[in-house]
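The next block holds one structure in the form of structure tokens; read it before the comments.
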Number of protein chains: 2
Amino acid sequence: MQRQRTGDLKLIQELNRSIILDVIRKKGPISRSEIAKIIDLSPTTVTSAVYELIQEGLVYEDGVGVSNGGRKPVLLRFNPNNHTIIGLSISNSMVKIADMNLEGEALRKEIYPTYQYQGQEMVDHILEVVEQFLFKKADIDNCQGISVITPGIVDAQNGVITYNSKLKLYDVPLKSLIEERTHLPTYVDNDANALVLAESYFGSFSTYKDLLFITIGDGVGAGMMVNGSVFRGFMGSSGEFGHTTVVQDGVRCECGQTGCLENYVNWPAIYSKIVTGIMTKGRDTVITEMIDHNLNNIHPKVFVDAVNQDDELVMEIMEEVIRYLSIAIKNAVHLFNPEVVILSGDIIQNNVVLLEKMKTSVANQVIPILQDKINIQSTSLGPEFELLGTAAVIFHGKFKFQLS
Amino acid sequence: MQRQRTGDLKLIQELNRSIILDVIRKKGPISRSEIAKIIDLSPTTVTSAVYELIQEGLVYEDGVGVSNGGRKPVLLRFNPNNHTIIGLSISNSMVKIADMNLEGEALRKEIYPTYQYQGQEMVDHILEVVEQFLFKKADIDNCQGISVITPGIVDAQNGVITYNSKLKLYDVPLKSLIEERTHLPTYVDNDANALVLAESYFGSFSTYKDLLFITIGDGVGAGMMVNGSVFRGFMGSSGEFGHTTVVQDGVRCECGQTGCLENYVNWPAIYSKIVTGIMTKGRDTVITEMIDHNLNNIHPKVFVDAVNQDDELVMEIMEEVIRYLSIAIKNAVHLFNPEVVILSGDIIQNNVVLLEKMKTSVANQVIPILQDKINIQSTSLGPEFELLGTAAVIFHGKFKFQLS
DNA sequence: TTTGTTAATAAAGGCAATGGAAAAAGATAG
DNA sequence: CTATCTTTTTCCATTGCCTTTATTAACAAA
């Protein structure tokens, strides 16, 4: 049993600073006195906390506001540019590394393919990328640390990649490996967990406290935010959403089971259905033109475009995806009752039709009382979502007060 | 957005007191100096905190321990008997009310049938029961409050029963209704949520921080403990585990869907399968003797006894229950990764066979890395589990430090 | 110019934890 | 049995953070 943190004076201060910084980030520009009113702290305390935050370079004064009948308020803003963070996103196909500010805006970014590396080769590749990147970095001083996110099961506490079958990474202590080489504090987390944090810090869902975040790509994963903090599960393997059973005695999955959601809705599944439609069944579809008769050109974007053109074949395929996905989402909603379900992945981007149909489908399947509360949205993170994920993890670890 | 609590000296004290009380409860009898060592607080702080706890009657000194080479330590114990709590458990068939100490041991207990009451009649019945019970109670002074638990969707924050279809209770503000009449602080919570708390406070699972608690009775519900605190979901409707889809196009459920878990594994389903086996199919089973040829005598205990006698018909039925339940549990485990899944309900009690088979079945269905970590146990709460549930809710609300 | 209001800061006081010293109560070596 | 060392608990002065109560700054309205 990990020891719980006890209370001392430092704890009060940390907590209050964290709350004040949060208010400035979310509601800035804002005056000291308004902060005091909002969170019910004495003006004096706010003043001294803000002084510290300004010293640390996290906050700056930015002119004055309009008077409410007396002295004009001095407006405070969050300053994301005084500290940098290094984000590293590992996916099956590539390694992205970037130097960012505290809002996840990239100052410099590099992308490397994974060269089909697996196991130790992959680990070496990652370490090499980090070292090379740091070598070119001017000021290490303001760097708050390195944040690594990856699919698979991660022990975030110890910074170990426990299990990633596609990259063949088993019990890789990435945190210590990177810290040894760089001497920078390093965080390692699961990608879906990081993305749900990012939605909360940088996205449109900052006011929500119970989120279910679902990514659909080569695999299907989920991240959960519960009572305002990421839920990782006992071994850090929560969110194995892709292996929800949606068909009894369905197709075999590499996990050893049959009928796993993943095999019905991930991109390879959709891709192969499109190909089958075109080649085997000789179906007429707008895709044939869009890809210039080259099947290798079928990418998620093509799928979405076809949906938006109301293509018959693609709509059929999408209906099937929705059918399976909505069963799994429905079950998760019954267990979790999140305030919003956020979908992400290439086939979701700009796909309003899918979102609407999904919402209807889920609403039709849940218990009556939840029916009109179902809220399914697309991710608000934009194209650099992985980087925002890494930034969120480090921001959370460094600047957010947590008891445990 | 509900305002977050800011830090002051009172917060520190509350936190430390709560931690110290917890240590004494779980590890007592224990000396002041050992507490200081365990939680890394200064001995001085422990002494003064313990002084307060003794003043409040929550802790008492109980003799001295063996010396470790110096002065003998004074041993401290948790004193559950100086405060009382009133627990009220509402189920579909009865209302239980009891006067208890802080460990959930009943001093006085009364059980009323529900008389098929529904809606307002039921509410009046509950209020009547509470008033009558309080009327006979000698010392109201030490009473910490009233705790009500009930199936269905509950807004625990505001103490409102949002939705209970069987008792036809919709948006009943029970907390205010009871507080108006009794002037005692009242807590209202969902039964499964309360039971998972009880497992953590009074059961064998106090060291676990991520629990999934499943009740099987007339309905099927789930309570979840996440990072050491109960997870209620956005509207308080988390844990609607009974409406997980386990069969496509299965039997119709009263929720409007088909194939809900509930209809395959709850007691009415099992009961009707037994009756069908005996009456329609003329199956030979030990049950016929056990119930003296009267079908009304078929109770969950009979089912369990038959299982333990390896009765063919009953084993078939149980295998079916396990098949459906394990699908749902498997999905939940993938999403949640709880440290342990706790099963409760009449058909689970003393049913080691079911537990073992369930464990095997779930383990065979989860992703490889989880296979040997699957931990499924029977509830440790004993026959008065509802009362322990009510006690846990009030104990948690009154004596457990929480930030939010 | 006077008066009233809002914003920010300064000084003093309250309070919880802490570290050091001391008291209480034994253990142990000789 | 005495002197010394340990362990446990408590007392006291100190530290540090928040709050209350002025005080100053800056402005609006009359």
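Reminder, nothing fancy here: chain letters follow the sequence lines and each chain counts from 1.
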Subject >> Ring geometry between A/His83 and A/Phe399 (parallel below 30°, tilted from 30 to 60°, perpendicular above 60°) >> reply: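 If you compare the ring of A/Phe399 with that of A/His83, the planes turn out perpendicular.
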Indicate, with a heavy-atom threshold strictly under 4.0 Å, whether [X] touches base, sugar-phosphate, or nothing.
X	result
A/Ser33	sugar-phosphate
A/Val74	sugar-phosphate
B/Leu9	base
A/Val46	nothing
B/Ser67	sugar-phosphate

Original post:
For C/dT9, does OP1 or OP2 lie under 4.0 Å from any side-chain N or O of A/Thr47?
Top reply: yes
[atom1] of [X] versus [atom2] of [N]: gap in Å, rounded?
X	N	atom1	atom2	answer
A/Lys37	C/dT5	NZ	C1'	11 Å
B/Gln13	C/dA17	CD	C1'	10 Å
A/Lys10	D/dC18	NZ	C1'	13 Å
B/Arg32	C/dA23	CZ	C1'	15 Å
B/Leu75	D/dT9	CG	C1'	13 Å
B/Leu41	D/dT9	CG	P	15 Å
B/Ile12	D/dC18	CD1	C1'	10 Å
A/Arg17	D/dG16	CZ	C1'	12 Å

Original post:
Does the pair B/Glu180/B/Lys175 count as a salt bridge with the N-to-O cut at 4.0 Å?
Top reply: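 B/Lys175 and B/Glu180: not salt-bridged.
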Original post:
Is the closest basic N to carboxylate O distance between A/Lys400 and A/Glu14 below 4.0 Å?
Top reply: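 A/Glu14 and A/Lys400: not salt-bridged.
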Look at the side chain of [X] and decide which nucleotide, out of [options], has an atom nearest to it.
X	options	answer
B/Pro73	D/dT10, D/dT8, D/dT21	D/dT8
B/Ser42	C/dG19, D/dC18, C/dA25	C/dG19
A/Asn16	C/dG26, C/dA17, D/dC18	D/dC18
A/Thr45	C/dA7, D/dT19, D/dT9	D/dT19
B/Pro43	D/dT10, D/dA26, D/dT20	D/dT10

Under 3.5 Å donor-acceptor pair, [X] side-chain atoms to [N] base atoms:
X	N	value
A/Thr6	C/dA17	no
B/Arg71	D/dT8	yes
A/Ser48	C/dT9	no

Original post:
Between B/Asn68 and A/Ser31, who's closer to the 5' end of DNA chain C by nearest nucleotide?
Top reply: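 The answer here is A/Ser31.
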Original post:
Start at the 5' end of DNA chain D and walk down; is the nucleotide closest to A/Glu14 or to A/Lys72 reached first?
Top reply: A/Glu14
**OP:** Determine whether B/Ser380 and B/Glu199 make a side-chain contact, defined as any pair of heavy atoms from C-beta on separated by less than 4.5 Å.
**Re:**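 Yes. Closest side-chain heavy atoms under 4.5 Å.
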Original post:
Does a side chain donor of either A/Thr47 or A/Thr44 reach within less than 3.5 Å of an acceptor in the other side chain?
Top reply: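 On atom types as modelled, these side chains do not qualify, holding no pair under 3.5 Å.
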**OP:** Evaluate ring-ring contact (aromatic ring centres under 6.0 Å, His included) for A/Phe231 paired with B/Phe336, printing each intermediate quantity in order.
**Re:** CA-CA 8 Å; A/Phe231 174 58; B/Phe336 257 116; 5.4 Å; yes
